Amino acid sequence: MKIELERITRNDSYTSGRLYVDGIYVCDTLEDKDRDDNRNGIFDGGETKVYARTAIPNGTYEITLEHSPKFSPRYGGRKVPRLHDVPHFDSILIHTGNTVDDTSGCILVGNNDAPGRIANSLAAFDRLLPMLERAAAKKEKIYITVK
(Lines give C-alpha, C1' and ligand atoms only; values in the text may rest on other atoms or scores of the structure.)
Protein backbone atom coordinates (compact mmCIF):
# COMPACT_ATOMS: atom_id res chain seq x y z
CA MET A 1 0.00 0.00 0.00
CA LYS A 2 1.28 3.44 -0.91
CA ILE A 3 0.20 6.50 1.03
CA GLU A 4 1.15 9.96 -0.12
CA LEU A 5 1.04 13.08 2.01
CA GLU A 6 1.16 16.12 -0.24
CA ARG A 7 1.92 19.20 1.82
CA ILE A 8 -0.10 22.16 0.54
CA THR A 9 0.38 25.00 3.04
CA ARG A 10 3.60 25.62 4.94
CA ASN A 11 3.68 28.62 7.23
CA ASP A 12 5.25 29.77 10.50
CA SER A 13 2.96 27.76 12.77
CA TYR A 14 1.54 24.76 10.88
CA THR A 15 1.64 22.60 7.76
CA SER A 16 -1.52 21.38 6.04
CA GLY A 17 -1.82 18.76 3.35
CA ARG A 18 -3.79 16.08 1.59
CA LEU A 19 -3.52 12.33 2.17
CA TYR A 20 -3.91 9.82 -0.66
CA VAL A 21 -4.05 6.03 -0.41
CA ASP A 22 -3.02 4.26 -3.61
CA GLY A 23 -3.66 7.49 -5.51
CA ILE A 24 -7.14 8.14 -4.06
CA TYR A 25 -7.77 11.20 -1.86
CA VAL A 26 -8.83 10.15 1.65
CA CYS A 27 -8.59 13.25 3.86
CA ASP A 28 -6.68 16.38 4.78
CA THR A 29 -3.79 16.54 7.23
CA LEU A 30 -2.38 18.93 9.80
CA GLU A 31 1.19 18.92 11.12
CA ASP A 32 3.56 21.16 13.00
CA LYS A 33 5.73 23.65 11.13
CA ASP A 34 7.84 22.14 8.34
CA ARG A 35 11.38 23.25 9.22
CA ASP A 36 13.05 21.33 6.35
CA ASP A 37 13.37 24.53 4.33
CA ASN A 38 15.17 22.99 1.35
CA ARG A 39 12.81 19.94 1.35
CA ASN A 40 15.71 17.45 1.14
CA GLY A 41 14.59 15.24 4.05
CA ILE A 42 17.33 16.22 6.50
CA PHE A 43 17.98 19.12 8.84
CA ASP A 44 21.01 20.86 7.39
CA GLY A 45 22.09 24.37 6.39
CA GLY A 46 20.95 25.87 9.69
CA GLU A 47 17.61 24.04 9.84
CA THR A 48 16.82 22.76 13.32
CA LYS A 49 14.20 20.56 14.89
CA VAL A 50 12.17 22.10 17.70
CA TYR A 51 10.88 19.36 20.00
CA ALA A 52 7.10 18.79 19.64
CA ARG A 53 6.84 21.74 17.20
CA THR A 54 8.34 20.33 14.00
CA ALA A 55 6.83 18.34 11.14
CA ILE A 56 8.74 15.26 10.04
CA PRO A 57 11.15 15.69 7.13
CA ASN A 58 10.15 14.84 3.58
CA GLY A 59 10.81 11.21 2.75
CA THR A 60 9.37 7.72 2.49
CA TYR A 61 8.70 5.78 5.68
CA GLU A 62 7.35 2.34 6.46
CA ILE A 63 4.16 2.22 8.51
CA THR A 64 3.10 -0.56 10.86
CA LEU A 65 0.04 -0.80 13.06
CA GLU A 66 1.01 -0.82 16.72
CA HIS A 67 -0.59 -0.46 20.12
CA SER A 68 -0.34 3.05 21.57
CA PRO A 69 -0.90 3.48 25.32
CA LYS A 70 -2.24 6.98 24.65
CA PHE A 71 -4.31 6.50 21.49
CA SER A 72 -5.36 2.83 21.23
CA PRO A 73 -7.82 3.16 24.16
CA ARG A 74 -9.48 6.08 22.35
CA TYR A 75 -10.06 3.84 19.33
CA GLY A 76 -11.51 0.81 21.11
CA GLY A 77 -8.11 -0.81 21.64
CA ARG A 78 -7.25 -0.81 17.93
CA LYS A 79 -3.66 -0.39 16.83
CA VAL A 80 -2.62 2.89 15.25
CA PRO A 81 -0.33 3.73 12.29
CA ARG A 82 3.30 4.29 13.33
CA LEU A 83 6.01 5.61 11.00
CA HIS A 84 9.46 4.03 11.22
CA ASP A 85 12.99 5.35 10.79
CA VAL A 86 12.04 9.03 10.70
CA PRO A 87 15.33 10.93 11.16
CA HIS A 88 15.49 12.77 14.52
CA PHE A 89 12.00 11.57 15.53
CA ASP A 90 10.55 8.75 17.65
CA SER A 91 7.01 7.41 17.89
CA ILE A 92 5.49 9.33 14.99
CA LEU A 93 1.85 8.31 14.62
CA ILE A 94 -1.11 9.16 12.44
CA HIS A 95 -3.99 10.03 14.76
CA THR A 96 -6.87 12.37 15.54
CA GLY A 97 -6.74 15.94 16.81
CA ASN A 98 -7.78 19.46 15.91
CA THR A 99 -4.80 21.85 16.13
CA VAL A 100 -1.01 21.77 16.07
CA ASP A 101 -1.16 21.59 19.87
CA ASP A 102 -2.39 18.01 19.33
CA THR A 103 0.43 16.93 16.99
CA SER A 104 3.83 16.79 18.78
CA GLY A 105 5.34 15.96 15.40
CA CYS A 106 2.63 13.47 14.45
CA ILE A 107 0.22 13.65 11.50
CA LEU A 108 -3.40 14.56 12.23
CA VAL A 109 -6.14 13.55 9.80
CA GLY A 110 -9.50 15.23 9.15
CA ASN A 111 -10.83 18.09 7.04
CA ASN A 112 -9.04 21.43 6.95
CA ASP A 113 -11.90 23.73 7.88
CA ALA A 114 -9.94 26.83 8.93
CA PRO A 115 -6.31 27.94 8.88
CA GLY A 116 -4.35 25.84 11.37
CA ARG A 117 -7.32 23.65 12.30
CA ILE A 118 -8.69 20.31 11.29
CA ALA A 119 -12.27 19.07 11.82
CA ASN A 120 -14.04 15.71 11.55
CA SER A 121 -10.82 14.04 12.62
CA LEU A 122 -12.38 10.88 14.04
CA ALA A 123 -14.47 10.36 10.89
CA ALA A 124 -11.34 10.67 8.72
CA PHE A 125 -9.40 8.32 10.98
CA ASP A 126 -12.30 5.84 10.83
CA ARG A 127 -12.02 5.92 6.99
CA LEU A 128 -8.24 5.52 6.95
CA LEU A 129 -7.63 2.90 9.64
CA PRO A 130 -9.69 0.07 8.05
CA MET A 131 -7.73 0.53 4.80
CA LEU A 132 -4.48 0.06 6.71
CA GLU A 133 -5.88 -2.85 8.73
CA ARG A 134 -6.89 -4.68 5.53
CA ALA A 135 -3.42 -4.17 4.04
CA ALA A 136 -1.75 -5.36 7.24
CA ALA A 137 -4.01 -8.43 7.40
CA LYS A 138 -2.85 -9.32 3.88
CA LYS A 139 0.78 -8.82 5.01
CA GLU A 140 1.18 -5.93 2.56
CA LYS A 141 3.99 -3.48 3.28
CA ILE A 142 2.63 0.00 3.93
CA TYR A 143 4.69 3.08 3.02
CA ILE A 144 4.01 6.78 3.27
CA THR A 145 5.79 9.35 1.12
CA VAL A 146 5.76 12.85 2.58
CA LYS A 147 6.46 15.68 0.16
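Source: prediction; values computed, not measured.
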Q: Does the ring of Phe89 carry Lys49 above it, NZ/CZ under 6.0 angstrom from centre and within 45° of its axis?
A: yes
Q: Please find the pair of heavy atoms, one from Pro73 and one from Ser68, that lie closest to each other, and give the distance.
A: CD-O, 3.4 Å
Q: Rounded to the nearest 0.5 Å, what's the gap from CD1 on Ile63 to CG on Leu83? Could you check?
A: 4.5 Å
Q: So, Ser72 side chain and Arg78 main chain: donor-acceptor pair closer than 3.5 Å or not?
A: yes
Q: Could you state the interatomic distance from NE2 (His84) to CD1 (Ile142), rounded to the nearest 0.5 Å?
A: 10.0 Å
Q: Can you tell me if Ser121 uses its side chain to pair, donor with acceptor, with the backbone of Gly97 under 3.5 Å?
A: yes
Q: If the plane angle is over 60° it's perpendicular, under 30° parallel, otherwise tilted; pick one for Tyr25 and Tyr20.
A: perpendicular
Q: Please report the C-alpha distance between Tyr75 and Thr96 in whole Å, then the side-chain angles of each, then the deciding distance to 0.1 Å, and finally whether the side chain to side chain donor-acceptor pair (under 3.5 Å) criterion is met.
A: CA-CA 10 Å; Tyr75 312 132; Thr96 58; 2.7 Å; yes
Q: State plainly whether the residues Asp22 and Lys2 are in salt-bridge range, i.e. N to O under 4.0 Å.
A: no
Q: Any sub-3.5 Å donor-acceptor pair from Glu31's side-chain atoms to Ala55's backbone N or O?
A: no
Q: Would you check if the side chain of Thr9 reaches a backbone N or O of Ser16 as a donor-acceptor pair within less than 3.5 Å?
A: no
Q: To the nearest 0.5 Å, how far apart are CG in Asp34 and CD1 in Ile56?
A: 9.5 Å
Q: Check side-chain hydrogen bond (donor to acceptor under 3.5 Å, both in side chains) between Asp36 and all other residues, then give those that pass, not counting sequence neighbours.
A: none
Q: Where do Asp101 and Arg53 land on the salt bridge (charged side-chain N to carboxylate O under 4.0 Å, His left out) test, with the steps shown first?
A: CA-CA 8 Å; Asp101 290 334; Arg53 295 285 177 218; 3.4 Å; yes
Q: Can you name the closest pair of heavy atoms from Gly41 and Pro87 and give their distance?
A: O-CG, 4.3 Å
Q: Would you say the side-chain atoms of Asn11 pair up with the backbone N or O of Tyr14, donor to acceptor, closer than 3.5 Å?
A: yes
Q: Could you tell me whether the side chain of Asn120 and the main chain of Asn111 form a donor-acceptor pair under 3.5 Å?
A: no
Q: With distance as the sole test, does Thr15 use its side chain to make a donor-acceptor pair with the main-chain N or O of Asp32 at under 3.5 Å?
A: yes
Q: Would you indicate whether the side-chain heavy atoms of Ile3 and Met1 approach each other to under 4.5 Å?
A: yes
Q: Please test His95 against Phe125 for ring-ring contact (aromatic ring centres under 6.0 Å, His included), starting from the C-alpha separation and ending with a verdict.
A: CA-CA 7 Å; His95 61 81; Phe125 190 79; 8.2 Å; no
Q: Leu128 and Leu19: side chain to side chain contact (heavy atoms under 4.5 Å, CB included), yes or no, with the steps?
A: CA-CA 10 Å; Leu128 176 63; Leu19 192 78; 3.8 Å; yes
Q: What's the verdict on side chain to side chain donor-acceptor pair (under 3.5 Å) for Arg117 and Thr99, showing C-alpha distance, side-chain angles and the deciding distance?
A: CA-CA 5 Å; Arg117 286 195 48 82; Thr99 69; 5.7 Å; no
Q: Find the distance between OG (Ser91) and NZ (Lys70) and round it off to the nearest 0.5 Å.
A: 11.5 Å
Q: Any chance you could measure Leu93, atom CG, to Leu65, atom CG, to the nearest 0.5 Å?
A: 10.5 Å
Q: Search all heavy atoms of Gly17 against all heavy atoms of Asn112 and return the closest pair with its distance.
A: O-ND2, 3.6 Å
Q: Apply salt bridge (charged side-chain N to carboxylate O under 4.0 Å, His left out) to residues Lys147 and Glu6 and explain how you reach the verdict.
A: CA-CA 5 Å; Lys147 56 183 183 173; Glu6 178 186 5; over 6 Å; no
Q: Supply the atom-to-atom distance Asp102 CG to Leu30 CG, rounded to the nearest 0.5 angstrom.
A: 8.5 Å
Q: Taking all non-hydrogen atoms of both residues into account, name the closest pair between Gly110 and Ile118 and its distance.
A: N-CD1, 3.3 Å
Q: Can Lys79 and Glu66 be counted as an ion pair, charged N to O under 4.0 angstrom?
A: no
Q: Are Tyr61 and Tyr143 an aromatic pair by the rule of ring centers under 6.0 Å?
A: no
Q: Apply side chain to side chain donor-acceptor pair (under 3.5 Å) to Arg7 and Asn58, showing your working.
A: CA-CA 9 Å; Arg7 291 175 169 159; Asn58 290 356; 2.9 Å; yes
Q: So, Arg82 side chain and Ile92 main chain: donor-acceptor pair closer than 3.5 Å or not?
A: no
